[in-house]
Amino acid sequence: MAYAFTFWTCFVLLKEYETVASMRLHFLASEKRRPDQFTVLVRNVPPDPDESVSETVEHFFLVNHPDTYLTNQVVCNANKLAKLVKQRKKKQNWLDYYQLKYSRNNAQRPIMKTGFLGLCGKKVDAIEHHEAEIGKLSKEIAEERERVKKDPKAIMPAAFVSFKSRWGAAVCAQTQQSRDPTSWLTEWAPEPCDVYWPNLPIPYVSLAIRRLIMAVAFFFLTFFFMIPIASVQALASIEGLEKVAPFLKPIIDMKFIKSVIQGILPGLALKLFLIFLPAILMIMAKFEGFTSKSSLERRAATRYYLFNLVNVFLGSIVAGSALEQLNTFIKQSANEIPRTIGVAVPLRATFFITYIMVDGWAGIAGEILMLKPLIIYHLKNFFLVKTEKDREEAMDPGSLGFNTGEPQIQLYFLLGLVYAAVTPALLPFIVIFFGLAYVVFRHQIINVYNQEYESAAAFWPDVHGRIIIALLISQVALIGLLTSKKAAQSTPFLIALVVLTIWFYTFCKARYEPAFVRYPLQEAMMKDTLERAREPNLNLKPYLQNAYIHPVFKEEDEEDEFDFKSENESVLVPTKRQSRRSTPAPSRISGASSPSLPPEVVPEHPERAS
């Protein structure tokens, strides 16, 4: 049965991987023009004392990509400016509210207190106060905007570089640009609405350190998370409350209160932590410096799955917290670990059937009812909504949370594969769960949730890998179970199954995953050729030159047009480097002679300039 389930699972995975990869390539070939198809994110631009980052980038790509380079937009550190704009927007919202309130009742000017949350402090005219605050913030925003434009420290050694064709962008994004593998690093730019702007100013050299810190932090979060929970649960017990607050003893001794404390509070403490866990994991992913929302969700989803694997699956099979499990496994020999898990798996089948019904089925019902967004909407409507714009934002259902929903669904894949050959009675409950989940999530995606970004199935390789992990865990658990049943002679056949599963994963990774990390040059050239045939006079520069400007500048541009650098239509780009004024010697930045010289100097190699 293990062989039957494994072969069937691998067959379905193979067909699904082939289908998803084909759909991804078809989608990329048929979708409308988007800025990210022509744009590459370049990081670790080497510093040059004679030129700005924008000029350095322009020279490098005019030398190394002379036929396809179009324009670039440098990355600036506008995080402070974004905070100021957000504050001004909040103040403007309050001003609109008070003006609306005054328009309905002209008899009295609205009054507010300037202290904490408007509960204390000096009483002032609300409209005049907010107008003054907005004027002050507008002045600070203008000053900060000028600083970002003029201060070299605000310009980061990174840029969004756009090309004249998809083929040119694909060549740049998928090749090494310099003999130094740590400089001029290129990757596909996310689509503009997928960019996570606060992380772009993070220096590239610090990313490895940040990710190491978060890996250690996640290890401790996974294996030690029961310590703070146990402390809270201790306080939530009768003895803990009587010790901390002895004056509450008469109330605690009441029968109803005692039953609530004993039956609800300890579990509530754990549930509250699990509610905040996705937010904690997302904060950790943001600290690591990922530059797109989709990559943030992919990292958070991976860690959420690992957390559930350790603390829900292994934590339920091997009794105790993850720390106790780790201690048990360390003290055991490596040969005993599969046996420990294998023996415990069939014993916990009843618990997991209950878990599927309570958490899985009820979770799907909660998804269709959307109780959490409903409660949040009413709380926002009561406390925060001041204008119709606020109400529209409060009613926004948001997007499907891939970082939470996908790992939870894959936990049930894990349970189904582990118990398929050991306790098949669990499978009908899993099948019902997936049937309900398919109907509900299909409806929610089509009719309820907004699409925040388009990643073109970039999640699928992670999903495929986690199903393979579930297969391997099921096989290891079955090996351990059979060794405890005096059937050790059958384990070589299961070890061969493990090897075959790993081979299948490497085959799929080599065969199909390149479609998810690279864009075929043939597809890019085909799409470019069709576009040129349809629109022979197409000029992409106006379309691309402002596509990757920071959103705060786009908002300000409605009043005052902004650009980081003056556009120069000439192919010959003036340089400030002293070494290039008299000689076309190779640059230490590009490793090749520049095609750009000052306008007053006649180029020695006119064929390069052309």
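In this text, all values refer to a predicted model and were calculated from it rather than measured experimentally.
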Which atom of [X] lies closest to which atom of [Y], heavy atoms considered:
{"X": "Ala420", "Y": "Phe5", "value": "O-CE1, 3.5 Å"}
{"X": "Tyr548", "Y": "Pro190", "value": "OH-O, 2.6 Å"}
{"X": "Met156", "Y": "Pro201", "value": "CE-O, 2.8 Å"}
{"X": "Pro278", "Y": "Thr404", "value": "CB-CG2, 3.3 Å"}
{"X": "Gln451", "Y": "Glu454", "value": "NE2-OE1, 2.8 Å"}
{"X": "Ala169", "Y": "Val40", "value": "O-CG2, 3.5 Å"}

For the pair Arg34 and Glu191, find out whether any cationic side-chain nitrogen is under 4.0 Å from an anionic carboxylate oxygen.
->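 A salt bridge is present here (some side-chain N lies under 4.0 Å from a carboxylate O).
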Can we say Arg166 and Asp528 salt-bridge, meaning some charged N sits less than 4.0 Å from an Asp/Glu carboxylate O?
->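 A salt bridge is present here (some side-chain N lies under 4.0 Å from a carboxylate O).
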Heavy-atom count around [X] [atom1] within 6.0 Å, excluding the residue itself: above 12?
{"X": "Met395", "atom1": "CE", "result": "no"}
{"X": "Tyr449", "atom1": "OH", "result": "yes"}
{"X": "Phe220", "atom1": "CZ", "result": "no"}

Would you please indicate yes or no on a ring centroid separation below 6.0 angstrom for Phe163 and Phe38?
->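 Between Phe163 and Phe38, which both carry aromatic rings, the centre distance is not below 6.0 Å.
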Take Asp180 and Thr182 through the test side-chain hydrogen bond (donor to acceptor under 3.5 Å, both in side chains) and record every step on the way to the result.
-> CA-CA 5 Å; Asp180 180 4; Thr182 63; 2.8 Å; yes
With Phe493 via side-chain contact (heavy atoms from CB on, under 4.5 Å) - residues at least two apart |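 Listed in chain order: Tyr3.
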Within the distance-only criterion (no hydrogens, no angle test), does the side chain of [X] pair as donor or acceptor with the backbone N or O of [Y] below 3.5 angstrom?
{"X": "Thr39", "Y": "Pro35", "answer": "yes"}
{"X": "Ser474", "Y": "Leu471", "answer": "yes"}
{"X": "Ser206", "Y": "Ile202", "answer": "no"}
{"X": "Thr186", "Y": "Cys172", "answer": "yes"}
{"X": "Glu187", "Y": "Ala173", "answer": "no"}
{"X": "Thr6", "Y": "Ala2", "answer": "yes"}

Quick one: sort the Trp460 and His464 rings into parallel, tilted or perpendicular, breaks at 30° and 60°.
->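 Plane angle between 30° and 60°, so tilted.
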Would you check if there is a donor-acceptor pair between the side chains of [Y] and [X] at a distance under 3.5 Å?
{"X": "Asp194", "Y": "Ser294", "result": "yes"}
{"X": "Gln177", "Y": "Thr175", "result": "yes"}
{"X": "Ser292", "Y": "Ser295", "result": "yes"}
{"X": "Asn403", "Y": "Tyr305", "result": "no"}
{"X": "Thr222", "Y": "Arg303", "result": "no"}
{"X": "Tyr304", "Y": "Glu406", "result": "no"}

Is NZ or CZ of Arg211 both nearer than 6.0 Å to the six-membered ring centre of Phe290 and within 45° of the ring axis?
->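 Satisfied, under 6.0 Å and within 45°.
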Would you verify whether the NZ or CZ of Arg43 falls within 45 degrees of the ring axis of Tyr204 while also being under 6.0 Å from that six-membered ring's centre?
->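 No - Arg43 does not lie over the ring of Tyr204 by the 6.0 Å and 45° rule.
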Show me the donor-acceptor pairs, under 3.5 Å and distance only, between side chains in residues 516-527 and residues at least two apart or in other chains.
from	atom 1	to	atom 2	distance (Å)
Lys527	NZ	Ala29	O	2.8
Lys527	NZ	Glu31	O	2.9

Could you walk me through whether Leu494 and Gln475 pass side chain to side chain contact (heavy atoms under 4.5 Å, CB included), step by step?
-> CA-CA 7 Å; Leu494 285 173; Gln475 293 158 6; 5.5 Å; no
From CA spacing to verdict: ring pair (Phe, Tyr, Trp, His ring centres under 6.0 Å), Tyr412, Phe434 | CA-CA 9 Å; Tyr412 295 103; Phe434 279 115; 7.1 Å; no
Just so I know, are the side chains of [X] and [Y] near enough to count as touching, which here means a heavy-atom distance under 4.5 Å?
{"X": "Leu411", "Y": "Leu309", "value": "no"}
{"X": "Val42", "Y": "Phe160", "value": "no"}
{"X": "Asn308", "Y": "Phe313", "value": "no"}
{"X": "Leu417", "Y": "Ile467", "value": "yes"}
{"X": "Phe413", "Y": "Ile430", "value": "no"}
{"X": "Cys193", "Y": "Glu452", "value": "no"}
{"X": "Phe429", "Y": "Phe352", "value": "no"}

When you look at Val439 and Ile364, which way does the side chain to side chain contact (heavy atoms under 4.5 Å, CB included) test go after all the steps?
-> CA-CA 10 Å; Val439 173; Ile364 294 299; over 6 Å; no
Go through the steps to decide whether Trp184 and Gln176 satisfy the test side-chain hydrogen bond (donor to acceptor under 3.5 Å, both in side chains), and finish with yes or no.
-> CA-CA 8 Å; Trp184 296 105; Gln176 183 174 318; over 6 Å; no
Going through the distances and angles, do Ser455 and Arg298 end up as a side-chain hydrogen bond (donor to acceptor under 3.5 Å, both in side chains)?
-> CA-CA 11 Å; Ser455 65; Arg298 285 201 296 275; 5.0 Å; no
Separation between CD1 of Ile469 and CD of Gln410, rounded to the nearest 0.5 Å =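 Here the interatomic distance stands at 9.0 Å.
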Tyr453/Glu297 under side-chain hydrogen bond (donor to acceptor under 3.5 Å, both in side chains): CA gap, chis, key distance, verdict = CA-CA 11 Å; Tyr453 57 82; Glu297 290 202 342; 2.7 Å; yes
